[in-house]
Student: 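Questions regarding the structure given below will be posed in turn.
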Amino acid sequence: MPRGDGKLNHDLLPTDPDGKGPQDACGVFGVWAPGEEVANLTYFGLYALQHRGQESAGIAVSDGKKILVYKDMGLVSQVFNESNLASLRGDIAIGHARYSTTGASVWENAQPTFRSTAVGSIALAHNGNLTNTGDLAQLVEKAQAASGEIEFAHRPLRSTSDTDLVTSLLASHPDRSLESAAVEVLKHVEGAFSFVFMDENTLYAARDRYGVRPLALGKLERGWVIASETAALDIVGASYVREIEPGELLAIDENGPRSSRFAEPKPRFCSFEFVYLARPDSNLDGRSVHATRVAVGRQLAREAPADADLVMPTPDSGTPAAIGYAEESGIPYAAGLVKNAYVGRTFIQPSQTLRQLGIRLKLNPLRDVIRGKRLVVVDDSIVRGNTQRAVVRMLREAGATEVHVRISSPPVKWPCFYGIDFATRAELIANGLSVEEIRNSLGADSLAYVSLDGLVEATGRPKGNLCRACFDGEYPTEVPDAHLMGRQLGEVTSVQSLISTVPSAGAADALDRP
Ligand code: SF4
(Lines give C-alpha, C1' and ligand atoms only; values in the text may rest on other atoms or scores of the structure.)
Protein backbone atom coordinates (compact mmCIF):
# COMPACT_ATOMS: atom_id res chain seq x y z
CA MET A 1 0.00 0.00 0.00
CA PRO A 2 1.78 3.15 -1.06
CA ARG A 3 1.84 5.85 1.53
CA GLY A 4 2.59 9.51 0.94
CA ASP A 5 4.73 11.52 3.23
CA GLY A 6 2.03 13.95 4.32
CA LYS A 7 1.34 14.30 8.00
CA LEU A 8 -1.46 15.86 9.93
CA ASN A 9 -0.97 18.48 12.54
CA HIS A 10 -3.03 21.45 13.52
CA ASP A 11 -1.62 23.41 10.62
CA LEU A 12 -3.80 21.20 8.49
CA LEU A 13 -6.95 21.93 10.41
CA PRO A 14 -9.33 24.61 9.26
CA THR A 15 -8.00 28.05 9.91
CA ASP A 16 -10.68 29.07 12.36
CA PRO A 17 -12.34 26.52 14.62
CA ASP A 18 -14.59 29.02 16.33
CA GLY A 19 -16.36 30.40 13.36
CA LYS A 20 -16.94 27.15 11.57
CA GLY A 21 -20.24 26.25 10.09
CA PRO A 22 -21.54 22.74 9.67
CA GLN A 23 -18.80 20.45 8.41
CA ASP A 24 -19.63 17.77 5.90
CA ALA A 25 -18.66 14.24 6.51
CA CYS A 26 -17.20 12.81 3.34
CA GLY A 27 -17.81 12.17 -0.29
CA VAL A 28 -17.60 8.69 -1.82
CA PHE A 29 -17.16 7.59 -5.40
CA GLY A 30 -16.86 4.21 -7.12
CA VAL A 31 -16.41 3.09 -10.71
CA TRP A 32 -16.54 -0.29 -12.49
CA ALA A 33 -15.25 0.26 -16.01
CA PRO A 34 -12.72 -2.20 -17.48
CA GLY A 35 -10.66 -0.52 -20.18
CA GLU A 36 -11.16 2.96 -18.76
CA GLU A 37 -8.73 4.98 -16.65
CA VAL A 38 -10.65 4.28 -13.45
CA ALA A 39 -8.24 6.11 -11.12
CA ASN A 40 -8.50 9.28 -13.21
CA LEU A 41 -12.29 9.02 -13.30
CA THR A 42 -12.27 8.64 -9.52
CA TYR A 43 -9.95 11.63 -9.14
CA PHE A 44 -12.37 13.83 -11.07
CA GLY A 45 -15.32 12.38 -9.18
CA LEU A 46 -13.65 13.25 -5.87
CA TYR A 47 -12.84 16.69 -7.20
CA ALA A 48 -16.58 17.25 -7.66
CA LEU A 49 -17.18 16.03 -4.10
CA GLN A 50 -14.42 18.05 -2.44
CA HIS A 51 -16.98 20.24 -0.63
CA ARG A 52 -17.99 17.17 1.43
CA GLY A 53 -14.57 16.67 2.99
CA GLN A 54 -11.20 18.39 2.85
CA GLU A 55 -9.05 16.59 5.41
CA SER A 56 -7.84 13.63 3.40
CA ALA A 57 -8.37 11.91 0.08
CA GLY A 58 -7.79 8.39 -1.17
CA ILE A 59 -8.31 6.05 -4.09
CA ALA A 60 -8.22 2.22 -4.18
CA VAL A 61 -7.86 0.40 -7.50
CA SER A 62 -8.12 -3.28 -8.41
CA ASP A 63 -6.62 -4.84 -11.53
CA GLY A 64 -8.48 -8.11 -10.89
CA LYS A 65 -5.62 -9.64 -8.89
CA LYS A 66 -4.77 -7.14 -6.18
CA ILE A 67 -6.02 -3.92 -4.66
CA LEU A 68 -3.73 -0.91 -4.39
CA VAL A 69 -4.63 2.02 -2.10
CA TYR A 70 -3.17 5.51 -2.15
CA LYS A 71 -4.35 8.04 0.42
CA ASP A 72 -2.99 11.03 2.24
CA MET A 73 -3.94 14.10 4.22
CA GLY A 74 -5.02 17.14 2.23
CA LEU A 75 -7.23 18.14 -0.66
CA VAL A 76 -7.78 15.85 -3.63
CA SER A 77 -5.53 18.07 -5.77
CA GLN A 78 -2.81 18.01 -3.11
CA VAL A 79 -2.88 14.25 -2.61
CA PHE A 80 -2.94 13.14 -6.25
CA ASN A 81 -0.80 13.99 -9.23
CA GLU A 82 -0.23 12.50 -12.67
CA SER A 83 2.53 10.28 -11.40
CA ASN A 84 0.68 8.58 -8.52
CA LEU A 85 -2.54 8.34 -10.55
CA ALA A 86 -0.60 6.62 -13.34
CA SER A 87 0.53 3.96 -10.87
CA LEU A 88 -3.09 3.15 -9.99
CA ARG A 89 -4.10 0.96 -12.93
CA GLY A 90 -7.09 -1.36 -12.99
CA ASP A 91 -10.74 -1.98 -13.81
CA ILE A 92 -12.45 -1.00 -10.56
CA ALA A 93 -11.81 1.95 -8.25
CA ILE A 94 -13.30 3.58 -5.20
CA GLY A 95 -12.45 6.98 -3.76
CA HIS A 96 -13.04 9.06 -0.69
CA ALA A 97 -12.76 12.69 0.42
CA ARG A 98 -12.90 12.87 4.20
CA TYR A 99 -14.05 15.10 6.97
CA SER A 100 -13.87 13.17 10.24
CA THR A 101 -16.77 13.06 12.66
CA THR A 102 -15.45 9.98 14.46
CA GLY A 103 -11.86 8.96 14.58
CA ALA A 104 -8.91 11.27 14.93
CA SER A 105 -7.85 13.30 11.93
CA VAL A 106 -4.74 11.25 11.17
CA TRP A 107 -3.40 9.33 8.18
CA GLU A 108 -4.44 5.98 9.68
CA ASN A 109 -8.08 7.08 9.54
CA ALA A 110 -7.95 8.34 5.97
CA GLN A 111 -9.98 6.22 3.58
CA PRO A 112 -10.48 3.95 1.72
CA THR A 113 -9.80 1.50 4.53
CA PHE A 114 -8.13 -1.75 3.50
CA ARG A 115 -8.09 -5.34 4.81
CA SER A 116 -6.60 -8.46 3.35
CA THR A 117 -8.20 -11.81 4.09
CA ALA A 118 -7.21 -15.42 3.47
CA VAL A 119 -8.97 -15.29 0.10
CA GLY A 120 -8.51 -11.73 -1.10
CA SER A 121 -8.83 -8.16 0.07
CA ILE A 122 -11.36 -5.42 0.71
CA ALA A 123 -11.26 -1.64 0.37
CA LEU A 124 -14.09 0.50 1.71
CA ALA A 125 -15.13 4.18 1.77
CA HIS A 126 -17.86 5.63 3.98
CA ASN A 127 -20.02 8.73 4.09
CA GLY A 128 -22.01 9.03 7.31
CA ASN A 129 -21.49 8.18 10.93
CA LEU A 130 -22.29 5.00 12.86
CA THR A 131 -24.04 5.05 16.21
CA ASN A 132 -23.27 1.55 17.54
CA THR A 133 -19.49 1.45 17.38
CA GLY A 134 -19.30 -0.27 20.78
CA ASP A 135 -21.46 -3.18 19.54
CA LEU A 136 -19.50 -3.40 16.30
CA ALA A 137 -16.17 -3.50 18.15
CA GLN A 138 -17.48 -6.46 20.20
CA LEU A 139 -18.60 -8.24 17.02
CA VAL A 140 -15.15 -7.75 15.51
CA GLU A 141 -13.49 -9.21 18.58
CA LYS A 142 -15.84 -12.20 18.60
CA ALA A 143 -15.37 -12.87 14.90
CA GLN A 144 -11.60 -12.70 15.17
CA ALA A 145 -11.55 -14.91 18.24
CA ALA A 146 -13.78 -17.47 16.47
CA SER A 147 -11.48 -17.54 13.46
CA GLY A 148 -8.49 -18.32 15.66
CA GLU A 149 -7.01 -14.85 15.93
CA ILE A 150 -7.40 -15.04 19.70
CA GLU A 151 -4.93 -12.29 20.38
CA PHE A 152 -6.93 -9.89 18.31
CA ALA A 153 -9.00 -8.77 21.27
CA HIS A 154 -5.86 -7.52 22.95
CA ARG A 155 -4.53 -5.79 19.89
CA PRO A 156 -5.54 -2.21 19.25
CA LEU A 157 -7.42 -1.52 16.05
CA ARG A 158 -5.25 0.07 13.43
CA SER A 159 -7.44 3.13 13.26
CA THR A 160 -10.08 4.68 15.47
CA SER A 161 -12.79 5.19 12.89
CA ASP A 162 -16.20 3.54 12.76
CA THR A 163 -15.46 2.68 9.13
CA ASP A 164 -12.52 0.54 10.11
CA LEU A 165 -14.77 -1.60 12.30
CA VAL A 166 -17.08 -2.36 9.38
CA THR A 167 -14.14 -3.22 7.13
CA SER A 168 -12.83 -5.59 9.79
CA LEU A 169 -16.25 -7.24 10.10
CA LEU A 170 -16.53 -7.70 6.35
CA ALA A 171 -13.07 -9.25 6.33
CA SER A 172 -13.93 -11.68 9.12
CA HIS A 173 -15.97 -14.02 6.86
CA PRO A 174 -13.33 -15.55 4.57
CA ASP A 175 -15.60 -18.60 4.09
CA ARG A 176 -18.17 -16.47 2.23
CA SER A 177 -18.25 -14.17 -0.76
CA LEU A 178 -17.97 -10.50 0.16
CA GLU A 179 -21.50 -10.04 -1.18
CA SER A 180 -22.97 -12.60 1.17
CA ALA A 181 -20.85 -11.38 4.11
CA ALA A 182 -22.05 -7.82 3.48
CA VAL A 183 -25.73 -8.79 3.58
CA GLU A 184 -25.11 -10.36 7.00
CA VAL A 185 -22.79 -7.69 8.44
CA LEU A 186 -24.79 -4.66 7.32
CA LYS A 187 -27.81 -5.89 9.30
CA HIS A 188 -25.82 -5.10 12.45
CA VAL A 189 -24.60 -1.65 11.46
CA GLU A 190 -26.61 1.25 12.94
CA GLY A 191 -26.54 4.92 12.07
CA ALA A 192 -25.90 6.58 8.74
CA PHE A 193 -23.82 4.98 6.02
CA SER A 194 -23.42 5.33 2.31
CA PHE A 195 -20.66 2.81 1.58
CA VAL A 196 -18.76 2.06 -1.59
CA PHE A 197 -16.46 -0.94 -1.32
CA MET A 198 -14.74 -3.50 -3.46
CA ASP A 199 -12.89 -6.75 -3.64
CA GLU A 200 -10.63 -7.62 -6.56
CA ASN A 201 -13.50 -8.20 -9.00
CA THR A 202 -16.67 -6.50 -7.79
CA LEU A 203 -17.77 -2.98 -6.89
CA TYR A 204 -20.38 -2.64 -4.12
CA ALA A 205 -22.59 0.16 -2.85
CA ALA A 206 -24.79 0.09 0.26
CA ARG A 207 -27.00 2.60 2.02
CA ASP A 208 -28.42 2.42 5.55
CA ARG A 209 -32.09 1.62 6.00
CA TYR A 210 -32.88 5.31 6.57
CA GLY A 211 -31.02 6.51 3.49
CA VAL A 212 -29.72 9.43 5.54
CA ARG A 213 -26.86 10.31 3.20
CA PRO A 214 -27.25 10.43 -0.58
CA LEU A 215 -25.84 7.81 -2.97
CA ALA A 216 -26.58 7.64 -6.70
CA LEU A 217 -25.94 5.14 -9.51
CA GLY A 218 -24.77 6.37 -12.90
CA LYS A 219 -24.02 4.70 -16.24
CA LEU A 220 -20.96 5.20 -18.41
CA GLU A 221 -20.81 4.01 -21.98
CA ARG A 222 -18.67 1.09 -20.83
CA GLY A 223 -19.25 0.90 -17.11
CA TRP A 224 -20.98 2.03 -13.96
CA VAL A 225 -20.42 4.78 -11.43
CA ILE A 226 -21.56 5.31 -7.83
CA ALA A 227 -21.33 8.76 -6.26
CA SER A 228 -22.45 10.70 -3.20
CA GLU A 229 -23.93 13.37 -5.44
CA THR A 230 -25.09 13.55 -9.04
CA ALA A 231 -22.70 16.47 -9.71
CA ALA A 232 -19.90 13.87 -9.57
CA LEU A 233 -21.72 11.75 -12.17
CA ASP A 234 -21.95 14.80 -14.43
CA ILE A 235 -18.26 15.58 -14.19
CA VAL A 236 -17.21 12.10 -15.42
CA GLY A 237 -19.84 12.00 -18.17
CA ALA A 238 -22.06 9.39 -16.51
CA SER A 239 -25.83 9.51 -16.93
CA TYR A 240 -27.96 9.30 -13.80
CA VAL A 241 -29.75 5.96 -13.39
CA ARG A 242 -31.26 5.98 -9.88
CA GLU A 243 -30.61 6.34 -6.16
CA ILE A 244 -29.22 3.42 -4.20
CA GLU A 245 -32.29 2.55 -2.10
CA PRO A 246 -32.30 2.66 1.70
CA GLY A 247 -31.40 -0.84 2.95
CA GLU A 248 -30.05 -1.88 -0.47
CA LEU A 249 -26.76 -3.59 -1.34
CA LEU A 250 -25.80 -3.22 -4.98
CA ALA A 251 -23.06 -5.35 -6.53
CA ILE A 252 -21.57 -4.53 -9.94
CA ASP A 253 -19.39 -6.87 -12.01
CA GLU A 254 -19.19 -8.13 -15.59
CA ASN A 255 -22.84 -9.21 -15.32
CA GLY A 256 -23.95 -5.64 -14.55
CA PRO A 257 -25.62 -4.43 -11.34
CA ARG A 258 -27.53 -6.80 -9.07
CA SER A 259 -29.46 -5.72 -6.02
CA SER A 260 -30.19 -7.32 -2.66
CA ARG A 261 -31.70 -6.07 0.59
CA PHE A 262 -30.15 -6.26 4.04
CA ALA A 263 -32.80 -4.18 5.86
CA GLU A 264 -36.37 -2.97 5.49
CA PRO A 265 -36.27 0.64 4.24
CA LYS A 266 -37.42 3.39 6.61
CA PRO A 267 -36.54 6.52 4.62
CA ARG A 268 -35.34 9.48 6.70
CA PHE A 269 -33.23 11.47 4.28
CA CYS A 270 -31.15 14.30 5.78
CA SER A 271 -33.06 17.55 5.29
CA PHE A 272 -29.83 19.49 5.83
CA GLU A 273 -28.49 18.12 2.53
CA PHE A 274 -31.13 20.32 0.88
CA VAL A 275 -30.32 23.30 3.12
CA TYR A 276 -26.55 23.40 2.83
CA LEU A 277 -24.58 20.19 2.40
CA ALA A 278 -25.16 19.11 -1.18
CA ARG A 279 -23.92 21.06 -4.19
CA PRO A 280 -26.62 23.26 -5.72
CA ASP A 281 -26.05 21.58 -9.09
CA SER A 282 -26.81 18.12 -7.68
CA ASN A 283 -30.18 16.43 -7.72
CA LEU A 284 -31.31 14.52 -4.64
CA ASP A 285 -33.72 11.74 -5.59
CA GLY A 286 -34.52 13.64 -8.78
CA ARG A 287 -35.07 16.97 -7.07
CA SER A 288 -32.81 19.91 -7.89
CA VAL A 289 -30.98 21.21 -4.83
CA HIS A 290 -30.81 24.71 -6.30
CA ALA A 291 -34.53 24.80 -7.09
CA THR A 292 -35.33 23.54 -3.58
CA ARG A 293 -33.21 26.29 -1.99
CA VAL A 294 -34.90 28.93 -4.16
CA ALA A 295 -38.29 27.54 -3.06
CA VAL A 296 -37.22 27.77 0.60
CA GLY A 297 -36.26 31.40 0.02
CA ARG A 298 -39.70 32.11 -1.46
CA GLN A 299 -41.30 30.45 1.56
CA LEU A 300 -39.11 32.54 3.88
CA ALA A 301 -40.27 35.73 2.15
CA ARG A 302 -43.91 34.71 2.67
CA GLU A 303 -43.34 33.78 6.31
CA ALA A 304 -41.02 36.67 7.26
CA PRO A 305 -41.40 39.73 5.02
CA ALA A 306 -39.19 42.79 5.57
CA ASP A 307 -39.38 46.41 4.56
CA ALA A 308 -36.07 46.77 2.74
CA ASP A 309 -34.26 48.11 -0.34
CA LEU A 310 -32.10 45.11 -1.26
CA VAL A 311 -31.94 41.36 -0.74
CA MET A 312 -28.46 39.88 -0.64
CA PRO A 313 -26.97 36.49 0.28
CA THR A 314 -24.14 35.51 2.54
CA PRO A 315 -22.20 33.90 -0.30
CA ASP A 316 -22.23 31.27 -1.55
CA SER A 317 -24.53 29.06 0.47
CA GLY A 318 -27.20 31.73 1.01
CA THR A 319 -27.42 32.62 -2.70
CA PRO A 320 -30.29 30.44 -4.00
CA ALA A 321 -32.52 31.25 -1.00
CA ALA A 322 -31.76 34.97 -1.41
CA ILE A 323 -32.81 34.71 -5.07
CA GLY A 324 -36.08 33.08 -3.96
CA TYR A 325 -36.65 35.69 -1.28
CA ALA A 326 -36.11 38.51 -3.80
CA GLU A 327 -38.40 36.90 -6.40
CA GLU A 328 -41.21 36.42 -3.91
CA SER A 329 -40.89 39.78 -2.14
CA GLY A 330 -40.23 41.90 -5.23
CA ILE A 331 -37.27 43.54 -3.44
CA PRO A 332 -34.28 43.86 -5.82
CA TYR A 333 -31.51 41.25 -5.47
CA ALA A 334 -27.88 42.37 -5.26
CA ALA A 335 -24.58 40.74 -4.43
CA GLY A 336 -23.28 42.93 -1.62
CA LEU A 337 -20.50 40.69 -0.38
CA VAL A 338 -17.66 39.26 -2.43
CA LYS A 339 -16.22 35.96 -1.29
CA ASN A 340 -12.62 34.89 -1.58
CA ALA A 341 -13.36 31.28 -2.48
CA TYR A 342 -9.89 30.04 -1.60
CA VAL A 343 -9.39 31.21 1.98
CA GLY A 344 -11.31 28.31 3.49
CA ARG A 345 -9.17 25.90 1.52
CA THR A 346 -5.80 27.04 2.81
CA PHE A 347 -4.07 25.26 5.64
CA ILE A 348 -1.94 28.21 6.60
CA GLN A 349 -2.90 29.70 9.94
CA PRO A 350 -3.44 33.45 9.63
CA SER A 351 -1.17 35.62 11.73
CA GLN A 352 -2.63 37.53 14.66
CA THR A 353 -2.71 40.71 12.54
CA LEU A 354 -4.70 38.95 9.84
CA ARG A 355 -6.99 37.37 12.42
CA GLN A 356 -7.93 40.80 13.65
CA LEU A 357 -9.21 41.51 10.17
CA GLY A 358 -11.64 38.73 10.95
CA ILE A 359 -14.19 37.79 8.38
CA ARG A 360 -12.65 40.18 5.83
CA LEU A 361 -10.22 37.42 4.93
CA LYS A 362 -13.18 35.63 3.46
CA LEU A 363 -15.85 38.23 2.69
CA ASN A 364 -15.49 41.81 1.53
CA PRO A 365 -18.42 44.25 1.19
CA LEU A 366 -19.27 46.19 -1.94
CA ARG A 367 -19.66 49.55 -0.22
CA ASP A 368 -21.24 51.29 -3.21
CA VAL A 369 -24.02 48.70 -3.23
CA ILE A 370 -24.58 48.70 0.53
CA ARG A 371 -24.21 52.32 1.59
CA GLY A 372 -27.47 53.93 2.73
CA LYS A 373 -29.52 50.77 2.09
CA ARG A 374 -31.90 48.73 4.24
CA LEU A 375 -30.73 45.16 3.65
CA VAL A 376 -32.25 41.69 3.91
CA VAL A 377 -29.32 39.29 4.33
CA VAL A 378 -30.13 35.63 3.65
CA ASP A 379 -28.00 32.78 5.00
CA ASP A 380 -28.65 29.05 5.08
CA SER A 381 -28.23 28.38 8.79
CA ILE A 382 -26.86 29.68 12.08
CA VAL A 383 -24.68 27.36 14.13
CA ARG A 384 -22.71 29.40 16.66
CA GLY A 385 -23.66 32.79 15.23
CA ASN A 386 -20.09 34.05 14.81
CA THR A 387 -20.36 34.35 11.03
CA GLN A 388 -23.64 36.25 11.06
CA ARG A 389 -22.52 38.56 13.88
CA ALA A 390 -19.43 39.50 11.88
CA VAL A 391 -21.45 39.95 8.68
CA VAL A 392 -23.93 42.29 10.39
CA ARG A 393 -21.08 44.34 11.84
CA MET A 394 -19.32 44.49 8.48
CA LEU A 395 -22.46 45.61 6.65
CA ARG A 396 -23.15 48.36 9.18
CA GLU A 397 -19.54 49.55 8.88
CA ALA A 398 -20.03 49.61 5.10
CA GLY A 399 -22.96 52.01 5.52
CA ALA A 400 -26.10 49.82 5.69
CA THR A 401 -28.88 51.64 7.53
CA GLU A 402 -30.76 48.46 8.54
CA VAL A 403 -29.78 44.76 8.48
CA HIS A 404 -32.57 42.17 8.54
CA VAL A 405 -31.25 38.61 8.80
CA ARG A 406 -33.29 35.79 7.24
CA ILE A 407 -32.30 32.13 7.62
CA SER A 408 -33.41 29.42 5.18
CA SER A 409 -33.49 26.66 7.80
CA PRO A 410 -35.14 26.39 11.22
CA PRO A 411 -32.96 27.00 14.30
CA VAL A 412 -30.30 24.28 14.72
CA LYS A 413 -30.80 23.14 18.32
CA TRP A 414 -29.56 19.56 18.36
CA PRO A 415 -26.29 17.90 17.33
CA CYS A 416 -26.13 15.53 14.38
CA PHE A 417 -24.92 11.97 14.90
CA TYR A 418 -25.18 11.00 11.24
CA GLY A 419 -22.09 12.57 9.79
CA ILE A 420 -22.39 16.34 10.17
CA ASP A 421 -20.21 18.04 12.74
CA PHE A 422 -22.23 21.05 13.82
CA ALA A 423 -21.00 21.61 17.34
CA THR A 424 -21.81 20.33 20.79
CA ARG A 425 -25.26 21.26 22.07
CA ALA A 426 -23.82 23.87 24.37
CA GLU A 427 -22.18 25.63 21.43
CA LEU A 428 -25.34 25.88 19.32
CA ILE A 429 -26.64 29.42 19.71
CA ALA A 430 -30.28 28.38 19.22
CA ASN A 431 -30.04 25.93 22.12
CA GLY A 432 -31.18 28.06 25.02
CA LEU A 433 -31.60 31.45 23.34
CA SER A 434 -34.89 32.73 21.92
CA VAL A 435 -34.99 34.17 18.39
CA GLU A 436 -35.12 37.66 19.91
CA GLU A 437 -32.08 36.92 22.09
CA ILE A 438 -30.20 35.62 19.04
CA ARG A 439 -31.15 38.76 17.08
CA ASN A 440 -29.79 40.84 19.89
CA SER A 441 -26.60 38.80 20.00
CA LEU A 442 -26.10 39.25 16.24
CA GLY A 443 -26.84 42.97 16.39
CA ALA A 444 -29.45 42.68 13.60
CA ASP A 445 -32.54 44.86 13.22
CA SER A 446 -34.68 41.75 12.77
CA LEU A 447 -34.13 38.01 12.54
CA ALA A 448 -36.38 35.23 11.23
CA TYR A 449 -35.95 31.56 10.34
CA VAL A 450 -38.04 29.58 7.89
CA SER A 451 -40.45 27.21 9.66
CA LEU A 452 -39.76 23.48 9.71
CA ASP A 453 -43.00 22.83 7.81
CA GLY A 454 -41.99 25.45 5.26
CA LEU A 455 -38.63 23.77 4.72
CA VAL A 456 -40.22 20.32 4.47
CA GLU A 457 -42.75 21.53 1.90
CA ALA A 458 -39.97 22.96 -0.29
CA THR A 459 -38.19 19.58 -0.38
CA GLY A 460 -41.29 17.93 -1.87
CA ARG A 461 -40.95 14.99 0.52
CA PRO A 462 -43.30 13.83 3.24
CA LYS A 463 -42.14 15.08 6.65
CA GLY A 464 -41.95 11.51 7.96
CA ASN A 465 -39.42 10.62 5.24
CA LEU A 466 -36.95 13.28 6.33
CA CYS A 467 -34.48 13.42 9.18
CA ARG A 468 -35.02 16.77 10.92
CA ALA A 469 -33.29 15.84 14.16
CA CYS A 470 -30.95 18.85 14.33
CA PHE A 471 -34.07 21.04 14.20
CA ASP A 472 -36.60 19.10 16.28
CA GLY A 473 -34.54 16.51 18.22
CA GLU A 474 -36.43 13.53 16.72
CA TYR A 475 -33.62 11.16 15.87
CA PRO A 476 -34.39 8.26 13.54
CA THR A 477 -32.14 5.91 15.55
CA GLU A 478 -31.31 5.28 19.17
CA VAL A 479 -28.80 7.85 20.32
CA PRO A 480 -26.81 7.14 23.47
CA ASP A 481 -27.17 9.75 26.21
CA ALA A 482 -23.46 10.55 26.07
CA HIS A 483 -24.01 11.72 22.52
CA LEU A 484 -26.75 14.10 23.59
CA MET A 485 -24.31 15.64 26.02
CA GLY A 486 -22.15 16.47 23.03
CA ARG A 487 -19.63 13.69 23.55
CA GLN A 488 -18.51 10.86 21.32
CA LEU A 489 -18.44 7.31 22.57
CA GLY A 490 -15.66 5.26 24.04
CA GLU A 491 -12.26 5.39 22.48
CA VAL A 492 -13.48 7.17 19.40
CA THR A 493 -12.22 10.75 19.36
CA SER A 494 -14.19 13.48 17.66
CA VAL A 495 -12.33 15.98 15.54
CA GLN A 496 -14.23 18.52 17.62
CA SER A 497 -12.05 17.70 20.60
CA LEU A 498 -8.98 18.09 18.43
CA ILE A 499 -9.88 21.49 17.16
CA SER A 500 -10.81 22.63 20.61
CA THR A 501 -7.10 22.48 21.41
CA VAL A 502 -6.37 25.08 18.76
CA PRO A 503 -6.18 28.58 20.29
CA SER A 504 -9.26 30.64 19.61
CA ALA A 505 -9.04 32.69 16.49
CA GLY A 506 -11.07 35.44 18.09
CA ALA A 507 -12.84 37.55 15.52
CA ALA A 508 -11.50 35.56 12.60
CA ASP A 509 -14.69 33.64 12.15
CA ALA A 510 -16.20 32.02 9.13
CA LEU A 511 -12.87 31.31 7.50
CA ASP A 512 -13.32 27.62 7.19
CA ARG A 513 -16.87 27.37 6.02
CA PRO A 514 -16.77 25.15 2.99
FE1 SF4 B 1 -29.21 15.87 8.58
FE2 SF4 B 1 -29.74 17.24 10.79
FE3 SF4 B 1 -30.53 14.69 10.56
FE4 SF4 B 1 -27.95 15.27 10.81
S5 SF4 B 1 -29.55 15.60 12.35
S6 SF4 B 1 -28.85 13.81 9.39
S7 SF4 B 1 -27.78 17.20 9.66
S8 SF4 B 1 -31.23 16.46 9.34
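Atoms within a ligand are numbered from 1 in the order they appear, just like the ligands themselves.
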Student: With heavy-atom distances below 4.0 Å as the criterion, list the atoms of ligand 1 near V212.
Tutor: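 Every atom of ligand 1 under 4.0 Å from some heavy atom of V212: 6 (S).
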Student: If we set the cut-off at 4.0 Å for heavy atoms, which region of R213 has an atom near ligand 1: side chain, backbone, both, or neither?
Tutor: side chain
Student: Under 2.8 Å from atom 3 (Fe) of ligand 1, is there any N, O or S atom belonging to C270?
Tutor: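 So C270 does not count as coordinating atom 3 (Fe) of ligand 1.
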Student: About how many Å separate SG of C470 and CH2 of W414, when rounded to the nearest 0.5 Å?
Tutor: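 Taking CH2 in W414 and SG in C470, the distance rounds to 11.5 Å.
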Student: Would you say D162's side chain and L130's backbone share a donor-acceptor pair under 3.5 angstrom?
Tutor: yes
Student: Looking only at non-hydrogen atoms, which of C416, C470, P415, G419 approaches atom 4 (Fe) of ligand 1 most closely?
Tutor: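 It is C416 whose heavy atom sits nearest to atom 4 (Fe) of ligand 1.
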Student: Checking a contact table here: which protein heavy atom is nearest atom 8 (S) of ligand 1, and how many Å away?
Tutor: C467 O, 3.0 Å
Student: Got a donor-acceptor contact below 3.5 angstrom from the R213 side chain to the Y418 backbone?
Tutor: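 Yes.
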Student: Show the atoms of ligand 1 that are less than 4.0 angstrom away from any heavy atom in S271.
Tutor: 8 (S)
Student: Exactly one of F262, W224, F197, W32 should register a ring pair (Phe, Tyr, Trp, His ring centres under 6.0 Å) with Y204. Which one does?
Tutor: F197
Student: Would R298 count as a cation-pi partner of Y325, with NZ or CZ less than 6.0 Å from the six-membered ring centre and within 45° of the ring normal?
Tutor: no
Student: Within ligand 1, which atoms have a heavy atom of Y418 less than 4.0 Å away?
Tutor: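 Listed by number with element, the hits are 6 (S).
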Student: Heavy atom under 4.0 Å from ligand 1: found in L277's side chain, backbone, both, or neither?
Tutor: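 Near ligand 1, L277 shows nothing, with every heavy atom at 4.0 Å or more.
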Student: Are any side-chain N or O atoms of T113 and backbone N or O atoms of L124, one a donor and one an acceptor, separated by less than 3.5 Å?
Tutor: yes
